[in-house]
Every structure is written in structure tokens, then in C-alpha cells.
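Heads up: the structure comes next, in C-alpha cells.
Just so it is clear, the structure is predicted and the values come from calculations on it, not from any experiment.
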Amino acid sequence: MERVLGIGGYFLRAADPESLGAWYRDRLGLEADEHGLWRQEDGPTVFATFESGTDYFGSRSQQSMLNFRVRDLDAMLAQLRAAGADVAEETQDMEGVGRFGWVTDPEGNRVELWQPARQT
């Protein structure tokens, strides 16, 4: 059986695509070129399905949630708060998996930030 090799892209509808792209670049440091190509660091990727009634994504109208790996969750959340971003107050720790925090982008999409647990 042929298999996928990884995530090839993630696409968002936006009322103002240029402004939303700039938010991801300026607030999260996502450095994509003019075609949206972004060379990310090697690391784990999670693919998981959730019950349709989950509140985990924030709004029930949001059908999927983008998750970014970060090196230092506390520093990233502080940086986002200092820039006036809509950052959730709570964080979550999952033993053996890592720490999670959330920010909502200007178009109302909840984005998860994940600091993976150190593997020994």
C-alpha cells in the first residue's frame, strides 16, 4: 500500500488572507515564502480524530485545529500576550507527551501550541 509521507500543507479560508498570513509570520515566526512554502524543523506530528461534539477546538464551527510545535511554550505564550494576541489562560500538561497552550488568530481559529516532552 502506498502511504503519505507527511503533512504537505494546511490551508485556511480568510476574510483578509494577506493580513492573516502576516499574523502567523509576525506572531508565531512562521517564515513562509511568497508561495506559502515553509521549511519546518524535523520532529513529531500527531494525527488524531475527535468526537464531533468536542469543545477542544474552541468554537463548534471549527472543524479542525492547527497544532504547532514550539521549543518553549511559556516564552511563546508570553510573546503572544505582549503582542496583544488572544491567548487562553490555561495550559495543559500530558505526561510523556508535553505541554499545550492555545491562541486564537484574528479570524477566530483556535491554534494549539505544543512543547513536546523531552525524550530520554
Side-chain angles (χ1 to χ4, degrees):
M1 177 177 134
E2 190 63 28
R3 298 187 188 283
V4 298
L5 304 174
I7 304 296
Y10 189 83
F11 308 98
L12 295 169
R13 294 180 197 267
D16 186 346
E18 190 172 311
S19 177
L20 187 61
W23 185 89
Y24 278 88
R25 181 189 64 241
D26 298 342
R27 298 295 180 263
L28 298 178
L30 198 156
E31 296 180 12
D33 69 13
E34 69 275 7
H35 304 292
L37 184 62
W38 169 46
R39 301 275 181 200
Q40 56 193 308
E41 294 181 18
D42 288 337
T45 299
V46 175
F47 178 84
T49 57
F50 287 74
E51 292 289 332
S52 62
T54 187
D55 291 326
Y56 194 71
F57 300 172
S59 168
R60 292 256 175 125
S61 64
Q62 186 172 329
Q63 294 298 304
S64 64
M65 183 170 56
L66 183 56
N67 170 299
F68 288 114
R69 277 180 276 116
V70 299
R71 187 176 358 270
D72 183 332
L73 181 63
D74 292 328
M76 177 60 82
L77 295 176
Q79 172 182 299
L80 288 164
R81 284 187 182 104
D86 180 7
V87 178
E89 289 299 320
E90 75 277 1
T91 59
Q92 180 182 19
D93 294 285
M94 289 182 69
E95 188 173 335
V97 177
R99 298 183 59 230
F100 299 89
W102 300 269
V103 62
T104 301
D105 75 19
E107 297 264 345
N109 301 297
R110 182 172 161 112
V111 176
E112 186 168 66
L113 303 169
W114 171 36
Q115 179 183 326
R118 293 202 194 308
Q119 302 299 314
T120 56

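- Partners of Ala83 by side-chain contact (heavy atoms from CB on, under 4.5 Å), not counting sequence neighbours, listed by chain and number: Arg27.
- Applying the side-chain contact (heavy atoms from CB on, under 4.5 Å) rule to Pro106 yields the partners Leu20, Trp23; only residues at least two apart in sequence or on another chain are considered.
- Taken together through direct or relayed side-chain contacts under 4.5 Å among Ile, Leu, Val, Met, Phe, Trp and Tyr, Val70 and Val97 form parts of separate hydrophobic clusters.
- Across all non-hydrogen atoms, the minimal contact from Arg69 to Pro44 is NE-O, 2.8 Å.
- Residues Leu80 and Leu113 form a side-chain contact, since some pair of their non-hydrogen atoms from C-beta on lies under 4.5 Å apart.
- With a 4.5 Å cut-off between side-chain heavy atoms of Ile, Leu, Val, Met, Phe, Trp and Tyr, the cluster of Phe11 takes in none.
- Every side-chain contact (heavy atoms from CB on, under 4.5 Å) that Ala48 has, sequence neighbours left out, goes to Val46, Phe50.
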**Request:** Take Gln63 and Phe57, measure what side chain to side chain contact (heavy atoms under 4.5 Å, CB included) needs, and give me the verdict at the end.
**Result:** CA-CA 8 Å; Gln63 294 298 304; Phe57 300 172; over 6 Å; no

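- Annotation for Leu37: atom CG counts as buried by contact number, over 12 foreign heavy atoms lying within 6.0 Å.
- Atom CD of Glu90 sits about 5.5 Å away from atom CH2 of Trp102, to the nearest 0.5 Å.
- Heavy atoms only, all atoms of each residue included: Ser64 and Tyr10 are closest at OG-OH, 2.9 Å.
- For the atom pair CZ (Arg81) and CD (Glu89), the distance works out to 5.0 Å, reported to the nearest 0.5 Å.
- Note on Phe100: it does not cluster hydrophobically with Leu28, by side-chain heavy-atom contacts below 4.5 Å among ILVMFWY residues.
- Contacts of Thr91 classified as side-chain contact (heavy atoms from CB on, under 4.5 Å), with partners at least two apart in sequence or in another chain: Leu73, Leu77, Arg99.
- Partners of Tyr24 under the ring-ring contact (aromatic ring centres under 6.0 Å, His included) rule, at least two apart in sequence or in another chain, do not exist in this structure.
- Across every non-hydrogen atom of Ser59 and Ser61, the tightest pair is OG-OG, 2.7 Å.
- Within the structure, every pair that satisfies the side-chain hydrogen bond (donor to acceptor under 3.5 Å, both in side chains) test and touches residues 29-55, not counting sequence neighbours, is listed here: Asp55-Arg60.
- Evaluation of the ring pair (Phe, Tyr, Trp, His ring centres under 6.0 Å) test over residues 76-97, restricted to residues two or more places apart or in two chains, returns none.
- Listed by first then second residue, pairs satisfying side-chain hydrogen bond (donor to acceptor under 3.5 Å, both in side chains) with a partner in residues 11-21 number zero, not counting sequence neighbours.
- The list of ring pair (Phe, Tyr, Trp, His ring centres under 6.0 Å) pairs with a residue in residues 75-98, not counting sequence neighbours, is empty.
- Take Asn67 and apply the side chain to side chain donor-acceptor pair (under 3.5 Å) test, not counting sequence neighbours, and it matches Glu112.
- Cluster membership check: Met65 shares its hydrophobic cluster with Trp114, using side-chain heavy-atom separations under 4.5 Å among Ile, Leu, Val, Met, Phe, Trp and Tyr.
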